[in-house]
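To start, the structure itself, in structure tokens.
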Amino acid sequence: QVQLVESGGGSVQSEGSLRLSCAASTFTYRRYSMGWFRQAPGKEREGVAAISRAGTITYADSVKARFTISQDNVKKTLDLQMNSLKPEDTAMYYCAADVRSLTSSYLLNPKWYNYWGQGTQVTVSL
């Protein structure tokens, strides 16, 4: 079992940047599939970016070229660098993990993840 704690959310203006970090209670590198998800009010939770146990990285089309996911194997964190933020990126952002080796077809589907953090709010204004 792994506990996840997100940090780094906040309020920024359009085209600004934020860096989210997810601290894990255990070593997750190559042992868990890890991902960032978000949920806006009235919308379903959606995958943003994820890393498989094999190291494959997948991004949602809406964030490609703007967001970068990475793992710090020393600090046991999963980070999400978000650049060129848009108002439509406003949402609660969640970190998630699953011990299964998810392939790229499943990495961005939240139903395949068993462990979740409490979320961190990101608000982007015009």
Side-chain angles (χ1 to χ4, degrees):
Q1 190 170 356
V2 58
Q3 283 80 46
L4 305 169
V5 179
E6 303 94 335
S7 62
S11 297
V12 295
Q13 290 188 324
S14 184
E15 295 302 317
S17 297
L18 280 174
R19 187 176 183 88
L20 305 183
S21 187
C22 171
S25 61
T26 189
F27 190 68
T28 59
Y29 181 68
R30 299 300 171 101
R31 295 182 182 180
Y32 287 82
S33 297
M34 303 288 297
W36 282 99
F37 297 80
R38 66 187 182 188
Q39 188 167 18
K43 295 188 177 182
E44 293 186 353
R45 190 168 297 188
E46 63 175 359
V48 175
I51 299 178
S52 72
R53 285 180 56 173
T56 301
I57 292 177
T58 301
Y59 294 98
D61 288 343
S62 60
V63 306
K64 282 180 181 177
R66 299 189 299 122
F67 291 10
T68 303
I69 190 172
S70 61
Q71 281 184 296
D72 187 317
N73 304 324
V74 175
K75 296 180 181 178
K76 295 186 296 184
T77 61
L78 180 75
D79 299 325
L80 185 68
Q81 178 66 41
M82 305 186 295
N83 299 327
S84 301
L85 283 161
K86 304 175 181 181
E88 50 264 44
D89 294 317
T90 295
M92 185 71 79
Y93 282 71
Y94 298 91
C95 174
D98 195 89
V99 71
R100 291 171 290 189
S101 185
L102 301 176
T103 62
S104 56
S105 299
Y106 300 95
L107 275 174
L108 294 180
N109 189 330
K111 75 174 185 180
W112 293 104
Y113 289 79
N114 279 319
Y115 304 106
W116 292 86
Q118 82 290 349
T120 185
Q121 178 67 37
V122 172
T123 303
V124 184
S125 58
L126 288 171

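Residue numbers start at 1 and run along the sequence shown. Because the structure is predicted, anything quoted here is derived from the model rather than measured.
For Tyr113, the ring-ring contact (aromatic ring centres under 6.0 Å, His included) partners two or more places apart in sequence, or in a different chain, are Phe37. Residues satisfying the side-chain hydrogen bond (donor to acceptor under 3.5 Å, both in side chains) test with Tyr93, not counting sequence neighbours, are Arg38. Under the rule for a ring-ring contact (aromatic ring centres under 6.0 Å, His included), Tyr115 has no partner lying at least two apart in sequence or in another chain.
Taking each heavy atom of Pro87 and Leu126 in turn, the nearest pair found is CG-CD2, 3.5 Å. Considering all non-hydrogen atoms of both residues, Ala60 and Gly47 come closest at CB-O, 3.4 Å. Of all heavy-atom pairs spanning Thr58 and Leu108, the tightest one is CG2-CD1, 3.6 Å.
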Output, in order, the C-alpha distance, side-chain angles, deciding distance and verdict of side chain to side chain contact (heavy atoms under 4.5 Å, CB included) for Tyr59 and Thr68. CA-CA 8 Å; Tyr59 294 98; Thr68 303; 3.8 Å; yes

Does the side chain to side chain contact (heavy atoms under 4.5 Å, CB included) test come out yes or no for Phe67 and Asn83, once each step is laid out? CA-CA 6 Å; Phe67 291 10; Asn83 299 327; over 6 Å; no

Residues Leu78, Trp36; criterion side chain to side chain contact (heavy atoms under 4.5 Å, CB included); working and verdict: CA-CA 9 Å; Leu78 180 75; Trp36 282 99; 3.6 Å; yes

Could you walk me through whether Met34 and Cys95 pass the side chain to side chain contact (heavy atoms under 4.5 Å, CB included) check? CA-CA 7 Å; Met34 303 288 297; Cys95 174; 4.2 Å; yes

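A 4.5 Å side-chain heavy-atom check between Thr28 and Gln71 finds at least one atom pair inside the cut-off. Annotation: side chain of Met82 is not in contact with side chain of Ser17 (no heavy-atom distance under 4.5 Å).
Ser33 contributes a side-chain N or O that, together with a main-chain N or O of Arg100, makes up a donor-acceptor pair within less than 3.5 Å. For Asp72 (side chain) and Lys75 (main-chain N/O), a donor-acceptor pair under 3.5 Å exists by modelled atom type. Judged by distance alone, with hydrogens and angles left aside, the side-chain atoms of Asp89 form a donor-acceptor pair with the main-chain N or O of Lys86 at under 3.5 Å. No donor-acceptor pair under 3.5 Å is formed between the side chain of Thr123 and the backbone N or O of Ser11. In this structure, Ser52 contributes its side chain and Gly55 its backbone to a donor-acceptor pair below 3.5 Å.
Put simply, CG on Leu102 and CH2 on Trp112 are 8.0 Å apart, with the number rounded to the nearest 0.5 Å. Cys22 contributes atom SG, which lies 12.0 Å from atom NZ of Lys76 (distance to the nearest 0.5 angstrom). Interatomic distance, Arg53 CZ to Ser101 OG, rounded to the nearest 0.5 Å: 5.5 Å. Atom CG of Leu20 and atom CD of Gln121 lie 10.5 Å apart (nearest 0.5 Å).
Hydrophobic cluster membership is shared by Val122 and Ile69, with clusters built from Ile, Leu, Val, Met, Phe, Trp and Tyr side chains linked at under 4.5 angstrom. Tyr94 and Leu80 end up in different hydrophobic clusters when Ile, Leu, Val, Met, Phe, Trp and Tyr side chains are linked at under 4.5 Å. Both Trp116 and Tyr106 are part of a single hydrophobic cluster, where members link through side-chain heavy atoms under 4.5 Å apart. Transitive grouping of hydrophobic side chains (ILVMFWY, heavy atoms separated by less than 4.5 Å) keeps Met92 and Val124 in distinct clusters.
Sparse packing is recorded around CD of Gln13, with 12 or fewer heavy atoms of other residues, nucleotides or ligands lying under 6.0 Å away.
Of the candidates Thr77, Asp79, Ile57, Ser70 forms a side chain to side chain contact (heavy atoms under 4.5 Å, CB included) with just one, namely Asp79.
Between the side chains of Thr120 and Glu6, no donor-acceptor pair is found at a separation under 3.5 Å.
Contact check on Asp61 versus Lys64 returns a salt bridge, with a Lys/Arg side-chain nitrogen under 4.0 Å from an Asp/Glu carboxylate oxygen.
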